[in-house]
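All heavy atoms count here, side chains included; hydrogens, waters and symmetry mates do not. Numbered from 1 within each chain, the chains take letters A, B, ... in sequence-line order.
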2 protein chains.
Amino acid sequence: MATGRTHRPATRSRGIPEATVARLPLYLRALTALSERSVPTVSSEELAAAAGVNSAKLRKDFSYLGSYGTRGVGYDVEYLVYQISRELGLTQDWPVVIVGIGNLGAALAGYGGFASRGFRVAALIDADPAMTGKPVAGIPVQHSDDLEKIISEDGVSIGVIATPAGVAQQVCDRLVAAGVTSILNFAPTVLSVPDGVDVRKVDLSIELQILAFHEQRKAGEESSAEEGPEALAEPEPAAAVVAPAPRGTTGTTGRKGPDGDVPAVMPA
Amino acid sequence: MATGRTHRPATRSRGIPEATVARLPLYLRALTALSERSVPTVSSEELAAAAGVNSAKLRKDFSYLGSYGTRGVGYDVEYLVYQISRELGLTQDWPVVIVGIGNLGAALAGYGGFASRGFRVAALIDADPAMTGKPVAGIPVQHSDDLEKIISEDGVSIGVIATPAGVAQQVCDRLVAAGVTSILNFAPTVLSVPDGVDVRKVDLSIELQILAFHEQRKAGEESSAEEGPEALAEPEPAAAVVAPAPRGTTGTTGRKGPDGDVPAVMPA
DNA sequence: CCGTGTGAACGTGTTCACAGCC
DNA sequence: GGCTGTGAACACGTTCACACGG
């Protein structure tokens, strides 16, 4: 998750597994929906279905939080909402800055998911002077010259980077220097940060590529029966034939573009 | 990943681990950058640094693809770019539809990450008649009545959902019925899909909540020495005092918002 | 000699299945 | 009886460390 040293050998200080933490927001969302419908209690089975996980996993997850829940009955919805909120730190207010108010930044600024649940857009920041003062989603954009001031005055510890990839690292550096210790990165770059700073990334093209991988596999699967116990038939037995250069730097005059195709993999 | 039955017991058909697949796009991006700078070869160490992983992991990952790479030298950049592209299915063209052209959908439509790397925005679809025909990022928006026709005519197998949460499931159902088998979901909902359909989700508020969790933990760590062996001091000794209802369905008149705020998790 | 490729050790996460309690 | 809570088994992922080959 974090780029710079996610080490943490085994601090063990009441450690909730990372995988569990990642699911708590899911449970919380499902519970909130139930709460709005005034449902008083849920079983692990029901809640798991609503959250899209299986019930054993859910119970295990909750067991790390403590023994909320009543045997033979289920979980008290309101109580659980509170406990998970507290565990996630949502009972306090988190001011957030969004840097880079282009299409994406504007979309994020207007996104309801911010306003709810303890997150508050403290400021929108952009480097373009033409944007300064312009209200986006009701919040006036501030110039990036004032970044440090904004961060420290509002006590912001969470920053969202929605800038082009080219400037993401320097924006990140400035955020960190100003005191931000958690970063949500939408720019398609690997950010390096010092110890103690968390980075999470959201990357559209990575997600698409993962989908493409599975999609391609589905297409290749068509012929074999789905229950095939040992159906190992590879589409191409000798993959090297198709490849640009079977191996060996030499042979093709030692140069690059080994064969005709040459992917031409240039991103935007 | 996929919501409805990610079962797949152990198909084993030349299985590249899911974790590895998720990193291939990262390697590919780093390699592409090297390729642009005409770097002929990289060592696992260098490439790993560029991709933000450690070298052992990278070598293990590559070993699932085959034995590309030369001992004592490293990997041929062009060759690897090609191999990874092929493995990910990026040597073919993937038409993609984006459904829901609000702020976010528009941002996605304009995102460079689409155009590059074999993905092509085949259509933008929105339910608002006022949007129909309006060009967004150079592509005219089409009305959702034509969704099925668009999907089948263009042979689209990947769909992106950027609608409000309330309609995401029905959009999903229509996409799947029309032949889409991979979905990237930006709406904050759990989608249920039949077997064989992959869903990946990108969820801003979940990411923020995970950051908040770690952020909170950092703050709490301040007082105790970081090696604190048994420093278990809970902030509130008796959590129940603050909690909405220690247990028992009655007590709070079935009210909602335990801590003033009242979630109101409905997104934009 | 250097860096890849990989078995083996280790750690994390998931699932099973059932004891324990309401 | 029903459902939670959890040890134990299992599967997956990561790291180590070194043999192997250019």
Side-chain angles (χ1 to χ4, degrees), chain A residues 1-3 5-12 15-24 26-27 40-49 51-77 79-80 83 210 246-251 254, chain B residues 1-2 5-12 15-24 26-27 31 39-49 51-77 79-80 83 210 246-249:
Chain A
M1 266 100 240
T3 308
R5 304 288 83 196
T6 316
H7 213 55
R8 185 151 303 238
T11 314
R12 190 63 54 219
I16 297 177
E18 194 53 38
T20 295
V21 172
R23 281 188 294 268
L24 291 180
L26 231 51
Y27 301 143
T41 57
V42 258
S43 68
S44 63
E45 203 72 54
E46 293 162 336
L47 184 54
V53 302
N54 72 51
S55 62
K57 200 185 291 190
L58 179 141
R59 287 200 304 278
K60 186 58 108 183
D61 284 341
F62 285 179
S63 79
Y64 295 117
L65 305 183
S67 283
Y68 314 138
T70 310
R71 289 167 201 242
V73 178
Y75 301 91
D76 180 286
V77 171
Y79 187 64
L80 248 193
Q83 290 300 342
I210 295 170
R247 190 68 51 79
T249 316
T250 51
Chain B
M1 267 100 243
R5 304 287 85 200
T6 317
H7 214 56
R8 184 149 305 236
T11 313
R12 190 65 55 220
I16 297 178
E18 193 52 38
T20 295
V21 172
R23 280 187 295 267
L24 291 180
L26 230 52
Y27 301 143
L31 284 164
V39 176
T41 58
V42 258
S43 67
S44 62
E45 203 72 54
E46 293 163 335
L47 184 54
V53 303
N54 72 50
S55 62
K57 200 185 290 190
L58 179 142
R59 287 200 304 278
K60 186 57 110 186
D61 284 342
F62 285 179
S63 79
Y64 295 117
L65 306 183
S67 282
Y68 315 139
T70 311
R71 291 171 199 238
V73 179
Y75 301 91
D76 180 286
V77 171
Y79 186 65
L80 248 193
Q83 290 300 342
I210 296 170
R247 193 67 51 81
T249 316

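Note on A:Tyr75: only backbone sugar-phosphate atoms sit closer than 4.0 angstrom, heavy atoms only; bases stay farther off.
The distance from atom CG of A:Asn54 to atom P of C:dG13 is 16 Å, rounded to the nearest whole Å. Whole-Å rounding puts the B:Arg59 CZ to D:dC18 P distance at 14 Å. For the pair A:Tyr68 OH and D:dC3 C1', the computed distance is 19 Å after rounding to whole Å. The CG-C1' distance, from A:Leu47 to D:dT4, rounds to 13 Å in whole Å. As rounded to whole Å, 12 Å separates atom P of D:dG13 from atom CD1 of B:Ile16. The CG atom of A:Asp61 sits 13 Å away from the P atom of D:dT6 (whole-angstrom rounding). Between the C1' atom of D:dG2 and the CD atom of A:Glu46 lies a distance of 12 Å, rounded to the nearest Å. Rounded to a whole Å, the CD atom of B:Glu45 is 12 Å from the P atom of D:dC16.
Atom CD of residue A:Glu18 and atom CD1 of residue B:Ile210 lie 7.0 Å apart, to the nearest 0.5 angstrom. From B:Ser43, atom OG reaches atom CZ of B:Arg59 across 9.5 Å, with rounding to the nearest 0.5 Å. The NZ atom of A:Lys60 lies 9.5 Å from the OG1 atom of A:Thr20; values are rounded to the nearest 0.5 Å. For the atom pair A:Tyr75 OH and A:Glu46 CD, the distance stands at 12.0 Å (nearest 0.5 Å).
You'll find the side chain of A:Thr70 stays beyond 4.5 Å of the side chain of A:Thr41, heavy atoms only. Counting heavy atoms from C-beta outward, B:Val77 and B:Val42 have side chains that approach closer than 4.5 Å.
Distance from the side chain of A:Glu18 is smallest to C:dG13 among C:dG13, C:dT6, D:dT6. Closest to the side chain of B:Arg23, out of C:dG5, D:dT14, D:dT6, is D:dT14. The side chain of A:Ser43 lies closest to D:dC3, out of D:dT14, D:dC3, D:dT15. Taking every side-chain heavy atom of A:Lys57 into account, C:dT15 is the closest of C:dT15, D:dC16, D:dT14.
Scanning all heavy atoms of the two residues, the minimum distance from A:Ala51 to A:Leu26 falls at O-CD2, 3.5 Å. Here the closest non-hydrogen pair linking B:Tyr68 and B:Gln83 is OH-OE1, 3.1 Å.
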Write down the protein N/O and nucleotide N/O pairs, taken from nucleotides 7-10 of chain D, whose separation is under 3.5 Å; answer none if there are no such pairs.
{"from": "D:dG7", "atom 1": "N7", "to": "A:Lys60", "atom 2": "NZ", "distance (Å)": "3.3"}

Would you tabulate the pairs of protein nitrogen or oxygen atoms and nucleotide nitrogen or oxygen atoms of nucleotides 19-22 of chain C closer than 3.5 angstrom?
{"from": "C:dG20", "atom 1": "N3", "to": "A:Arg71", "atom 2": "NH1", "distance (Å)": "3.2"}

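Axis angle across the helix from C:dC1-D:dG22 to C:dC22-D:dG1, with five pairs used at each end and values rounded to 10°: 0°.
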Let's go through B:Phe62 and B:Leu47 carefully: what are the C-alpha distance in whole Å and the side-chain angles of both, what is the deciding distance for side chain to side chain contact (heavy atoms under 4.5 Å, CB included) to 0.1 Å, and is it a yes or a no? CA-CA 12 Å; B:Phe62 285 179; B:Leu47 184 54; 3.8 Å; yes
Kindly indicate, with the supporting measurements, whether the criterion side chain to side chain contact (heavy atoms under 4.5 Å, CB included) is fulfilled by B:Asp61 and B:Val53. CA-CA 11 Å; B:Asp61 284 342; B:Val53 303; 6.0 Å; no
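Both B:Phe62 and A:Thr20 lie close to DNA chain C; mapped to their nearest nucleotides by heavy-atom distance, the more 5′-ward contact belongs to B:Phe62.
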